[in-house]
Number of protein chains: 2
Amino acid sequence: MSGSKLDPIDRKILAELQADGRMTNVELAKRVGISAPPCLRRVRTLEEAGYIRGYHADVDSRELGFEVQVFAMVGLQSQAESDLSAFEARCRDWPLVRECHMLNGEVDFVLKCVAPDLSTFQSFLTEQLTSADNVGSVKTSLVIRCAKDEPGVPFDVLEARLTSAS
Amino acid sequence: MSGSKLDPIDRKILAELQADGRMTNVELAKRVGISAPPCLRRVRTLEEAGYIRGYHADVDSRELGFEVQVFAMVGLQSQAESDLSAFEARCRDWPLVRECHMLNGEVDFVLKCVAPDLSTFQSFLTEQLTSADNVGSVKTSLVIRCAKDEPGVPFDVLEARLTSAS
DNA sequence: CGCAAGCGCGAAATATTATTGCGCTCCCAC
DNA sequence: GTGGGAGCGCAATAATATTTCGCGCTTGCG
């Protein structure tokens, strides 16, 4: 299975950096129980192997004036691969669309969108999204509040699995 | 409006750190066009003011063995505030649930979930989520593929707005 | 067994970076 | 003008990152 090349220290590194991506290498090394140089080597290896995709500041979009968040469920008219890709490409070009996931089931895509205000979003919705080629149905839901937002890996679950599997 | 206390340099800092959260302060200072000390002061201020919520490594969950991602649309039987909060609290306790957003419309919540495999998810679905107190309907959709995943603020949109408003 | 190769560690040395203190300038109110 | 505050850059110091080196441990083979 995936991840079998990682030892417990590597997983601890990933967990710590997921929790605090700006942690100092010496602090990280202290926490995972090795000295700084091998710790840094491991981090570099994990980055190059793709376990770590990048590091990002978590910026509060509401504080910056993006007060509207919306989930949009999109159904297309054609599900041919070329049409799916074309729609995905358009999503990548729309800055208000922050996430685009293709789904199974009755809905083809779920989009997470942001906007400064409702009217901006509605303009986008009617002028761009709904009127785009091949878009059949669009159902939108405003986010009223967010109870949990912790993208990433539940390392506690991972460790529990590996422990029981050993 | 929100964000009016930020000058162009602050916004540039936020944009750069969102793109690369591990950027060195001197590199950041170079990019935003000021020297290192005031740059660091600004970053600290932005952190304390809540514009920056934190820093996180973006860990590839698939590489770590979480091959299943699911969006779950949940409807509750009672939408009384105490019942909503109770459900949110349960979501925060479920490690497989990574995001929980309360919505308007016919669905009360959308959850983003991860799991190592389908059977793990289905166990969670039937034994935990569907059978939880007050849960009415649950519709799940597997994520087939992800075309875009850039949580955060579209700073280009923000700058365009501020420019036209000035 | 015994030896050699390879891997990963830690210690020390060096290069970069973070952080602090200070003086300067600009801008605004008076 | 002139006093005061905010923000900058410079220089010095502390902390951290990064490289280099040698050691010990395991592995695999004679």
From the options Q18(B), E47(B), R22(B), select the one residue that forms a side-chain hydrogen bond (donor to acceptor under 3.5 Å, both in side chains) with Y55(B).
E47(B)
Using whole Å, what does the distance between atom [atom2] of nucleotide [N] and atom [atom1] of [X] come to?
X	N	atom1	atom2	answer
I34(A)	dC25(D)	CD1	P	18 Å
L40(B)	dT16(D)	CG	C1'	14 Å
E27(A)	dT16(D)	CD	P	9 Å
N25(A)	dT19(D)	CG	P	11 Å
R22(A)	dT16(D)	CZ	C1'	13 Å

Any idea which of [options] is nearest the [X] side chain?
X	options	value
R41(B)	dT18(D), dC10(D), dG9(D)	dG9(D)
S35(B)	dG9(D), dT16(D), dC8(D)	dG9(D)
V26(A)	dT16(D), dT20(D), dC10(D)	dT16(D)

Can you give the first and last nucleotides of DNA chain C, 5' to 3', that have an atom under 4.0 Å from a heavy atom of chain B?
dT17(C) to dT20(C)
Geometric class of the F87(B)/F109(B) ring pair [parallel <30°, tilted 30-60°, perpendicular >60°]:
tilted
Side-chain ion pair, E48(B) and R44(B), N-O less than 4.0 Å
no
Donor-acceptor pair, distance only, cut-off 3.5 Å: does the side chain of N134(A) make one with the backbone of L76(A)?
no
For E81(B), enumerate each residue passing the side chain to side chain donor-acceptor pair (under 3.5 Å) test, keeping only those at least two apart in sequence or located in another chain.
R145(A), S85(B)
Taken in chain and number order and not counting sequence neighbours, the residues that satisfy side chain to side chain donor-acceptor pair (under 3.5 Å) with S78(A) are D83(A)
Under 4.0 Å from OP1 or OP2 of dC8(D): is there any side-chain N or O of R42(B) that close?
yes
Residue closer to the 5' end of DNA chain C, M23(B) versus I9(A) (nearest nucleotide):
I9(A)
